Amino acid sequence: MNILEDKNQCYIKAALEACTSQEKEVLEKNIADIDWSILEHIHRKETVNERGVFAPLEAVELDEIKARGEEFKEIGLEAIRTGKVGAVLLAGGQGTRLGLDKPKGTLNIGINRELYLFEQLIYNLMDVTKEAGVSVPLYIMTSNINNQDTVTFFEEHNYFGYPKEDINFFVQEMVPACDYQGRVYMESKTKVAMSPNGNGGWFGSMVNAGLLADIKARGIEWINVFAVDNCLQRIADPVFVGATIAYGRESGAKVVRKAAPDEKVGVLCTEDGKPSIAEYYEMTEEMATARKENGDLLYGFGVILNYLFSEKKLEQIADAKMPVHVVEKKIPYMDLEGNFVKPEQPNGYKFETLVLDMVHMMEDCVPYEVDRAREFAPIKNLHGVDSLDSARELMKGCGIEL
Ligand code: UTP
């Protein structure tokens with residue numbers, strides 16, 4: 001696709017016209033470096049989620065985990081002690097709902113003291129490393145937008161006491177963002193508006209960053225991927241790791257029991273016989289409300305963005321194409337008059353692949369139930385549902401002093 005031949009592209013055109021010849025050179029180079037084919041996904045926006053046949057998938061529920069907890073934990077601790085478990089923190093998002101101008105993990109979640117989101121996550125991981133008596137390699141995915149701030153933040157805080165040699169940062173790829181008509185926004189006179197390409201490309205980005213060698217040298221066999229914004233996140237949880245190994249599956253997903261049939265969470269189920277996640281908007285009323293004989297919801301467990309994947313399998317699927325989701329987001333841009341606009345409402349599309357789609361690339365998966373009051377406090381907004389406010393309440397409920 002030659003973007004310069006597309007008459008629709010008014011923002012690029014206006015920028016080119018306003019540029020001095022020197023600036024023009026910079027912009028043309030920027031344009032030439034971008035893979036524009038991603039824009040084609042706008043036309044299949046409605047069909048990207050065309051799905052197969054969904055069916056329920058039994059979860060390993062809390063009572064079973066309790067009964068077999070010691071056995072699972074031993075297996076998991078053994079895997080951790082022998083260096084087979086690594087963790088990947090997905091921190092390349094922009095947190096547009098939160099409206100921060102800095103990396104989400106630098107958010108102070110404390111009330112009477114300073115306690116940063118990144119700090120809390122490191123402490124959560126250290127609960128495990130202390131018990132296991134070994135460190136767990138942690139890889140942190142950032143984007144071009146927040147990489148420098150993130151790295152500096154960790155350095156300034158001395159990695160919150162975590163061994164520096166076991167933390168590796170890597171940067172995810174960026175793709176152009178556009179308005180609802182497919183007109184690519186400009187971020188400045190000489191730069192196209194780019195956004196991180198979603199959290200689904202993390203393994204590919206690790207490979208591009210040359211980290212596969214590190215994974216192999218360390219002998220990592222399992223990778224626990226998790227989101228930056230759940231401050232109660234248990235990382236490299238030995239019981240979860242042990243359960244996935246004990247069941248002989250190539251992946252595991254932490255899930256919580258749905259609070260209500262219409263709760264807006266993606267549900268772990270099967271799709272054409274393979275594990276998959278049905279988004280809440282893809283569920284029919286019938287699916288969402290169907291119940292088992294014991295009264296539990298048939299599709300009753302939602303994912304919380306904490307997955308365990310077999311490293312071997314990740315390598316096998318590394319080159320596979322993932323579905324591209326076209327998502328409406330707030331995109332700051334330079335208008336046709338050259339004014340910088342920071343929209344209050346979504347004003348266009350970003351293109352993202354999602355880690356949840358990786359689950360469908362696995363042969364099998366353990367849906368592993370966790371108690372949401374203890375492990376699920378996502379911070380997507382400042383106030384209201386899934387917010388800093390609600391997360392603070394949940395943290396207090398877990399005895400964490402703020
Ligand atoms: P979200 O889907 O909540 O996106 O990310 P976000 O960018 O943080 O926030 P909004 O939607 O703009 O408000 C879920 C997890 O995936 C990571 C985020 O950092 C978070 O841990 N993520 C998201 C990435 O690492 N890269 C991305 O491109 C998008």
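All ligand and atom numbering here is 1-based and tracks the order in the structure. All of these numbers come straight from a predicted model, not from anything done at the bench. Basis for what follows: all heavy atoms, side chains included, without hydrogens, waters or symmetry-related copies.
Atom CD of E155 has more than 12 neighbouring heavy atoms from other residues, nucleotides or ligands inside a 6.0 Å radius.
Taking the six-membered ring for Trp and the full ring otherwise, Y180 and Y349 have centroids separated by under 6.0 Å.
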Contacts under 3.5 angstrom, residues 75-92 side chains, donor-acceptor by atom type, not counting sequence neighbours:
{"unit_1": "R81", "atom_1": "NE", "unit_2": "A132", "atom_2": "O", "d": "3.0"}
{"unit_1": "T82", "atom_1": "OG1", "unit_2": "E78", "atom_2": "O", "d": "2.7"}
{"unit_1": "T82", "atom_1": "OG1", "unit_2": "A79", "atom_2": "O", "d": "3.2"}

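At least one cation-pi condition fails for R249 and F240: the charged atom is not both under 6.0 angstrom from the six-membered ring centre and inside a 45 degree cone around its axis.
No donor-acceptor distance shorter than 3.5 angstrom exists from the side chain of Q120 to the backbone of L232, with no hydrogens or angles considered.
Residues with a heavy atom under 4.0 Å from ligand 1: L90, A91, G92, G93, Q94, G95, T96, R97, K104, M141, Q172, P196, G198, N199, A227, V228, D229, L305, K329, K380.
Remark: M395 CE to E401 CD distance equals 11.5 Å, nearest 0.5 Å.
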